[in-house]
2 protein chains.
Amino acid sequence: MATRKAMNLKMLSEALGLSQTTVSRALNGFPEVAEKTRARVVEAAERLNYRPSPSAASLATGKSRMIGHVVSLSEHIMINPHFADFIAGAGEIYAQSGYDILLRLAPLEEQERIYLNLAEDQRVDGVVVHGPLTGDSRIGILNALGMPFVVHGRCDEEGADYCWMDVNNRRAFHRATKFLLDLGHERIALINGLETMNFAERRRQGYEAALAEAGVALDERLLHSADMVEPYGYQATRALMELDEPPTAILVASVLPAMGVTRALVDLGLRAGEDVSVIAFDDCLSFLQSGYKGSAPDIPYFTAVRSSIREAGKRVAQLLLERIETPDGPPLSELWEADFVIGQTTAPPRRR
Amino acid sequence: MATRKAMNLKMLSEALGLSQTTVSRALNGFPEVAEKTRARVVEAAERLNYRPSPSAASLATGKSRMIGHVVSLSEHIMINPHFADFIAGAGEIYAQSGYDILLRLAPLEEQERIYLNLAEDQRVDGVVVHGPLTGDSRIGILNALGMPFVVHGRCDEEGADYCWMDVNNRRAFHRATKFLLDLGHERIALINGLETMNFAERRRQGYEAALAEAGVALDERLLHSADMVEPYGYQATRALMELDEPPTAILVASVLPAMGVTRALVDLGLRAGEDVSVIAFDDCLSFLQSGYKGSAPDIPYFTAVRSSIREAGKRVAQLLLERIETPDGPPLSELWEADFVIGQTTAPPRRR
DNA sequence: GCCAAAATCCAAAGCGCTTTGAATTTCGTT
DNA sequence: AACGAAATTCAAAGCGCTTTGGATTTTGGC
């Protein structure tokens with residue numbers, strides 16, 4: 001072996017006959033180094049396979065080129081596969097900019113402390129907040145710490161002083177509900193996510209508003225709220241269909257429980273789109289693919305309000321990187337409208 | 001504000017009237033410091049909220065207390081939710097030991113280079129290899145780099161010189177196939193994962209061995225192989241049932257495509273467990289919960305070979321941490337047998 | 001009470017990078 | 001040719017921790 005140790009700044013600068021200062025500046029694009037020498041330095045760095053030590057750079061600058069994602073362990077995020085898609089989108093953006101993800105699993109009640117530690121330790125340059133609750137305390141902490149962050153979702157009304165990216169859940173569910181009402185449905189069930197989650201609360205608001213506008217009374221028995229897993233959709237549907245007056249349409253907060261819904265309907269000898277209408281919120285989960293096609297090719301199975309969670313991951317990552325670049329600008333935020341796609345699971349209600 | 005800067009070793013040692021050496025040693029459990037002073041140091045560190053800077057420690061020791069997980073971007077791992085469950089299990093173990101996950105998304109062809117960089121940069125203390133191919137080149141690289149790693153799965157036959165943790169896929173599929181044969185099925189379809197993946201190859205071997213033992217000829221038309229997503233199961237089943245002699249039983253490599261299978265059967269007016277038997281490999285995905293219960297409570301819907309991927313994540317993490325502790329021991333490996341649970345989707349074949 | 005051995009503790013030298021403040025060179029003017 | 005400004009380059013001081021080698025204090029056996 002010729003060299004025992006990995007190439008470092010000192011060796012590189014000696015090889016070039018330049019000072020470490022100049023080499024460092026050349027590589028980091030500072031203006032006070034002549035273009036000619038910069039070219040020389042860059043070439044040599046490339047040739048000698050020099051790459052700066054991240055921990056040394058981090059120690060010197062306080063920047064880590066890492067983005068923190070702290071997610072709940074046994075809770076409602078990691079537990080479901082939405083997170084995988086989100087992180088796939090975000091990770092793609094990070095990779096392009098030379099950032100890495102620092103992933104930490106922790107129960108919600110520890111997350112404040114964790115953000116504090118990550119900030120003090122300068123372990124990450126920014127974080128994204130997953131699954132915001134209504135009035136989430138994490139936001140205040142992060143603002144106080146001066147740590148750049150973007151919330152995926154929101155936890156308060158407009159104009160709040162933080163960065164977020166969200167889908168217009170209220171309007172999406174308003175539209176979906178109104179669509180069903182227009183078809184003639186009046187008994188419309190809502191199989192919602194956990195309503196401590198802000199997004200679920202908004203979805204319910206949209207649902208309730210549409211009902212109210214149509215003068216349809218709210219029936220509490222048609223409302224379910226829980227973690228968005230398959231068996232939940234199944235059980236909720238079984239319960240709903242046992243009511244004296246079962247719903248003629250069901251609004252489901254995710255395709256995961258929606259699959260449980262269809263399974264329950266099959267068990268009951270009912271068909272979605274004929275006996276009962278179903279609309280799902282479709283996050284375009286990759287393992288279902290935008291596919292989840294029905295028997296008719298190119299017509300989606302579910303009628304759905306749809307917004308890609310993977311694209312959301314990308315956008316959140318972009319916003320965060322911008323925020324890290326410019327920490328003192330006004331908070332960025334972005335609200336996406338969901339698509340509304342007609343599939344095979346909706347129809348006017350059956351005549352009795 | 002009293003203090004502008006975060007508490008560091010120097011400040012702490014001055015506050016204690018001790019040298020930085022002693023304080024550092026006291027906190028890191030070295031033997032050459034008196035228990036009495038160690039107690040004093042620990043108490044003061046706690047009280048003054050001292051936590052060592054990770055980048056400084058990393059620079060000084062070369063250890064980062066990070067575990068690298070590099071996963072394929074647009075490929076077959078992150079794309080499906082198995083990964084989320086795996087990482088949830090692993091992350092739990094890491095958290096207990098004070099490690100964090102460094103997550104990097106990259107196409108397979110770049111992963112060798114990435115491992116090289118992670119090693120040279122000393123960014124991680126170990127890595128786990130996801131989705132090993134048969135004869136995977138990543139293993140050789142990692143061994144050459146001397147980087148501790150554990151493979152989730154295997155890429156070669158027994159006795160290979162690396163750490164791995166795997167489920168006995170061959171035996172699992174052998175058992176499942178034999179079970180169907182014993183019920184009287186002869187036309188058994190296999191809806192497998194991508195057979196470049198080593199685990200899929202093993203599953204097929206188990207399937208083929210069982211057929212051969214029973215003297216049943218292999219029919220290529222009953223074999224499918226692709227990414228394990230829902231629509232794949234759907235389409236494969238539609239294709240299978242259009243054969244002149246459709247299968248009477250289907251073996252599916254994951255509950256994801258298995259859901260597509262049942263959806264296709266419903267569309268065709270067939271019922272799983274009556275008209276066609278279905279056995280799935282169940283990774284106990286959390287969003288389906290061990291539930292995915294059928295109409296009869298506490299009886300699982302699918303007959304399945306079952307092994308929790310989350311538990312696998314935990315175990316792989318444990319093995320890796322042990323490996324990091326003792327890098328020069330003999331390679332650790334572990335083979336788990338899958339459970340075989342009888343659900344509602346299997347029965348003797350229909351008489352014609 | 002004495003001395004070697006054991007137990008503690010410390011000063012200082014890195015780890016590899018960035019950055020300050022100063023030195024040196026180059027260049028446009030007069 | 002001389003001079004101040006502009007353009008380059010550099011030496012050295014951190015960043016906060018670990019660790020080597022040595023200094024100092026305690027201990028134990030006689």
Side-chain angles (χ1 to χ4, degrees), chain A residues 3-42 44-45 48-66 98 117-123 125, chain B residues 3-42 44-45 48-66 98 117-123 125:
Chain A
T3 51
R4 251 312 5 107
K5 305 189 35 155
M7 175 66 47
N8 61 19
L9 225 211
K10 187 171 179 197
M11 295 162 68
L12 179 60
S13 62
E14 282 168 359
L16 279 162
L18 287 171
S19 76
Q20 298 190 32
T21 310
T22 306
V23 175
S24 171
R25 285 186 160 152
L27 293 174
N28 292 327
F30 279 60
E32 55 266 76
V33 41
E35 272 318 316
K36 206 173 65 181
T37 53
R38 186 195 307 284
R40 240 182 87 217
V41 170
V42 167
L48 298 176
N49 192 32
Y50 167 77
R51 271 135 19 71
S53 147
S55 39
S58 174
L59 178 59
T61 61
K63 300 297 175 193
S64 63
R65 295 200 80 78
M66 296 224 117
N117 291 355
L118 288 177
E120 284 182 349
D121 296 352
Q122 305 191 112
R123 262 204 130 165
D125 297 342
Chain B
T3 52
R4 245 332 341 119
K5 305 190 35 159
M7 174 70 45
N8 60 18
L9 224 212
K10 188 172 178 198
M11 294 162 68
L12 178 60
S13 62
E14 284 169 358
L16 279 162
L18 287 170
S19 76
Q20 298 190 35
T21 310
T22 305
V23 175
S24 171
R25 285 186 161 154
L27 293 174
N28 291 326
F30 279 62
E32 56 267 76
V33 43
E35 273 316 315
K36 207 172 65 180
T37 54
R38 186 196 307 284
R40 240 182 85 214
V41 170
V42 168
L48 298 176
N49 192 31
Y50 167 77
R51 269 132 24 69
S53 148
S55 37
S58 174
L59 178 58
T61 61
K63 300 297 175 192
S64 63
R65 295 201 80 79
M66 297 223 115
N117 291 355
L118 289 177
E120 284 183 349
D121 295 354
Q122 306 191 115
R123 260 200 133 173
D125 297 342

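In what follows, chains carry the letters A, B, and so on, assigned in the order in which the sequence lines appear, proteins first and then strands, with residues in each chain numbered from 1. Both backbone and side-chain heavy atoms feed into the values below; hydrogens, waters and symmetry mates do not. If you're wondering where the values come from, they're calculated on a predicted model, not measured in any experiment.
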(request) Tell me what Ser53(B) touches on the nucleic acid: a base, only sugar-phosphate, or nothing, going by heavy atoms under 4.0 Å. (result) sugar-phosphate

(request) Indicate, with a heavy-atom threshold strictly under 4.0 Å, whether Thr61(A) touches base, sugar-phosphate, or nothing. (result) sugar-phosphate

(message) Can you measure Leu16(B) atom CG to dT8(C) atom P for me and round it to whole angstrom units?
(response) 17 Å

(request) Keeping the roles fixed (side chain from Ser24(B), backbone from Gln20(B)), state whether a donor-acceptor pair exists under 3.5 Å. (result) no

(message) Treating Arg40(B) as the side-chain partner and Leu16(B) as the backbone partner, does any N or O pair qualify as donor plus acceptor under 3.5 Å?
(response) yes

(message) I want to confirm an ordering. Mapping Arg25(B) and Leu59(B) to their closest nucleotides on DNA chain C, which one lands closer to the 5' end?
(response) Arg25(B)

(request) Name the nucleic acid region contacted by Thr37(A), choosing base, sugar-phosphate or nothing; use a 4.0 angstrom heavy-atom cut-off, strictly under. (result) sugar-phosphate

(request) Please report the closest heavy-atom contact between Ala56(B) and Leu59(A), naming both atoms and the distance. (result) CB-CD1, 3.7 Å

(request) Could you state the atom-to-atom distance from CZ of Arg38(B) to P of dA7(C) in whole Å? (result) 14 Å

(request) Nearest whole angstrom, please: distance from the P of dA7(C) to the CD of Glu32(B). (result) 11 Å

(request) Measure from the side-chain N and O atoms of Ser64(A) to the backbone N and O of Ser58(A), and report whether any donor-acceptor pair falls under 3.5 Å. (result) no

(request) Look at the side chain of Arg123(B) and the backbone N and O of Met66(B), then say whether any donor-acceptor pair between them is shorter than 3.5 Å. (result) no

(message) Using 0.5 Å steps for rounding, measure from the CG atom of Asn8(B) to the CG atom of Leu48(B).
(response) 11.5 Å

(message) What range of DNA chain D does chain B touch, first nucleotide to last, counting atoms under 4.0 Å from its heavy atoms?
(response) dG16(D) to dG21(D)

(request) Starting from C1' on dC10(C), measure out to CG on Leu18(B) and report it in whole angstrom. (result) 10 Å

(request) Select from Ala60(B) and Thr21(B) the residue whose nearest nucleotide in DNA chain C is closer to the 5' end of that strand. (result) Thr21(B)

